[in-house]
Protein chains: 2
Amino acid sequence: MKPDHQKSLLTNCAIPAALEAVGERWSFLILRGAFNGLHHFEEFQSTLGIARNILSNRLARMVEHEILKREPDPADRRRVAYRLTEKGRELLPVLIALRQWGEKWVSGVPSNPVLVDRAARRPVAPIAVTAADGRPLSLEELDWVDRAEVAQG
Amino acid sequence: MKPDHQKSLLTNCAIPAALEAVGERWSFLILRGAFNGLHHFEEFQSTLGIARNILSNRLARMVEHEILKREPDPADRRRVAYRLTEKGRELLPVLIALRQWGEKWVSGVPSNPVLVDRAARRPVAPIAVTAADGRPLSLEELDWVDRAEVAQG
DNA sequence: TCTGCTCAGTTGCTATCTGCAACCTATATG
DNA sequence: CATATAGGTTGCAGATAGCAACTGAGCAGA
């Protein structure tokens, strides 16, 4: 009765894996800070108002997961810079999609600063699910299908 | 010294607002279930293995936030269906982006079931940040700019 | 109509996580 | 040297999550 794929919801989905890395409270906000040019412990702490122990824990965790890398500053050995790795940078679509959703459906007001296309100086487009050819797809145009049944490239 | 917009990171961003609605543990997994055709309490509970009290709490919370709507079944008054609202459905890009990221960077294996374009029967494209004209943008092509300075339409 | 079963929760208790404030250590700065 | 700064750690209180057992309304069959 029930579609077969529902059985594999738990076992065969990367969402739990992703949440293991960035699903805790504050993780997304720390990342947003990193995308906005924050690099140092005290910057994150004072900008976000997060408790120091939690911040310490989250940074360490994201460093473990190689979302951030920890770079001690050779010029001032007290200072440590946290920088996004490639893995971390690729979380941008998630972050922006979440922000756009919050803007549209929760806060109602446009966020600031705005992420713009550097060349055109215009805000980026709303993030959407698209087909391989770039055509945007609504939920009605989408299906969940077992991988084995998909015509892959 | 510090870009001006960093001051408004906390106050002028919709990410905290979004996280208030869907940032708790299990919320995303419940949503994924809903997108995959789960509707009833016992379905969510047995599929996800979530504790009943937590599930009850999360469902209530997402109903409050109008991400799900609670629909008692008139044919069997024990049963209650939880269905995605338009607001909830628009979280799909966030969910898919998160899943694609987890697939690529954490779990390493393709998830199942796969979301496909119904017409083409092919998996949806990787979710990306794009310019207004649809051109995909890398981080190097992006800037954070104060809204006031953006040439809006 | 009585019995048992199903659905959707609630309750009570324990374990884990969060948040605040104070403290600490290494390094720089005057 | 005294003092300040960066990046933490510690201890403890309160909030949140998780497990197991229980409840209570509503059906279904005998």
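Labels below follow one simple rule: chain letters A, B, ... track the order of the sequence lines, proteins then strands, and each chain is numbered from 1.
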Enquirer: Could you tell me whether A:Glu64 and A:Arg61 make a salt bridge, using a distance below 4.0 angstrom between a side-chain N and a carboxylate O?
Expert: no
Enquirer: In whole Å, what is the span from the CG atom of A:Leu19 to the P atom of D:dA17?
Expert: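 About 14 Å, once rounded to whole Å.
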Enquirer: Say you draw a straight line from CG of B:Leu55 to CG of B:Leu59; how long is it, rounded to the nearest 0.5 Å?
Expert: 4.5 Å
Enquirer: Go through DNA chain C in 5' to 3' direction and return only the first and the last nucleotide with some atom under 4.0 Å of chain A's heavy atoms.
Expert: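 Listing 5' to 3', DNA chain C meets chain A from C:dT18 to C:dA28.
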Enquirer: Kindly check if the number of other-residue, nucleotide or ligand heavy atoms within 6.0 Å of CD (A:Glu66) is above 12?
Expert: no
Enquirer: At what distance, to the nearest 0.5 angstrom, does CD1 of A:Ile96 lie from CD of A:Glu103?
Expert: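 One gets 9.5 Å once the value is rounded to the nearest 0.5 Å.
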Enquirer: Quick one: does A:Arg70's side chain have a donor or acceptor within less than 3.5 Å of a partner on A:Tyr82's backbone?
Expert: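 No: the side chain of A:Arg70 does not pair with the backbone of A:Tyr82.
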Enquirer: When you measure from every atom of DNA chain D, which of residues 53-70 of chain A have a heavy atom less than 4.0 Å away?
Expert: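 Contacting residues: A:Asn53, A:Ser56, A:Arg70.
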Enquirer: Step by step, would you call A:Ile54 with A:Arg25 a side chain to side chain contact (heavy atoms under 4.5 Å, CB included)?
Expert: CA-CA 9 Å; A:Ile54 308 294; A:Arg25 201 179 295 186; over 6 Å; no
Enquirer: Within the 4.0 Å heavy-atom criterion, would you say B:Arg52 contacts the bases, only the backbone, or no part of the nucleic acid?
Expert: base
Enquirer: A:His40 side chain to A:Val80 main-chain N or O, any donor-acceptor pair under 3.5 Å?
Expert: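 Between the backbone of A:Val80 and the side chain of A:His40 there is a qualifying donor-acceptor contact (under 3.5 Å).
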Enquirer: Side chain of B:Arg25, heavy atoms from C-beta onward: which of D:dG18, D:dA25, D:dG8 has the nearest atom to it?
Expert: D:dG18
Enquirer: For A:Asp73 and for A:Ile50, locate the closest nucleotide of DNA chain C by heavy-atom distance; then report the residue assigned to the nucleotide nearer the 5' terminus.
Expert: A:Ile50
Enquirer: For A:Asp76 and D:dG8, give me the distance from atom CG to atom P, rounded to whole Å.
Expert: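 Distance, rounded to whole Å: 13 Å.
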Enquirer: So which one's nearest nucleotide on DNA chain C is more toward 5', A:Glu24 or A:Arg78?
Expert: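 First, find each residue's nearest nucleotide; the 5'-ward one identifies A:Glu24.
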Enquirer: Let me know the distance between CG of A:Leu38 and P of D:dG7, rounded to the nearest Å.
Expert: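 Distance, rounded to whole Å: 12 Å.
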Enquirer: Under 4.0 Å between a side-chain N/O of A:His40 and OP1 or OP2 of D:dA6, yes or no?
Expert: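 False: A:His40 side-chain N/O out of range (4.0 Å or more) of D:dA6 OP1/OP2.
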Enquirer: Determine yes or no for a side-chain-to-main-chain donor-acceptor pair under 3.5 angstrom, with A:Glu43 supplying the side chain and A:His39 the backbone.
Expert: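 Yes.
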Enquirer: Figure out the CD/P separation between B:Glu42 and D:dA25, and round it to whole Å.
Expert: 17 Å
Enquirer: Under the side chain to side chain contact (heavy atoms under 4.5 Å, CB included) criterion, do B:Thr130 and B:Leu137 qualify, and how do the steps go?
Expert: CA-CA 5 Å; B:Thr130 63; B:Leu137 297 166; 5.6 Å; no
Enquirer: Has B:Trp26 got a side-chain N or O lying under 4.0 Å from the OP1 or OP2 atom of D:dG18?
Expert: yes
Enquirer: Looking at every strand, decide which applies to A:Phe44 at a 4.0 Å heavy-atom threshold: base, sugar-phosphate, or nothing.
Expert: nothing
Enquirer: Does B:Arg77 get its side chain close enough to the base of D:dG26, under 3.5 Å, for a donor-acceptor pair?
Expert: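 It does not, because no donor-acceptor pair links the side chain of B:Arg77 to the base of D:dG26 below 3.5 Å.
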Enquirer: Separation of B:Ile30 atom CD1 from D:dA17 atom P, in whole Å?
Expert: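 One finds 11 Å between P of D:dA17 and CD1 of B:Ile30, rounded.
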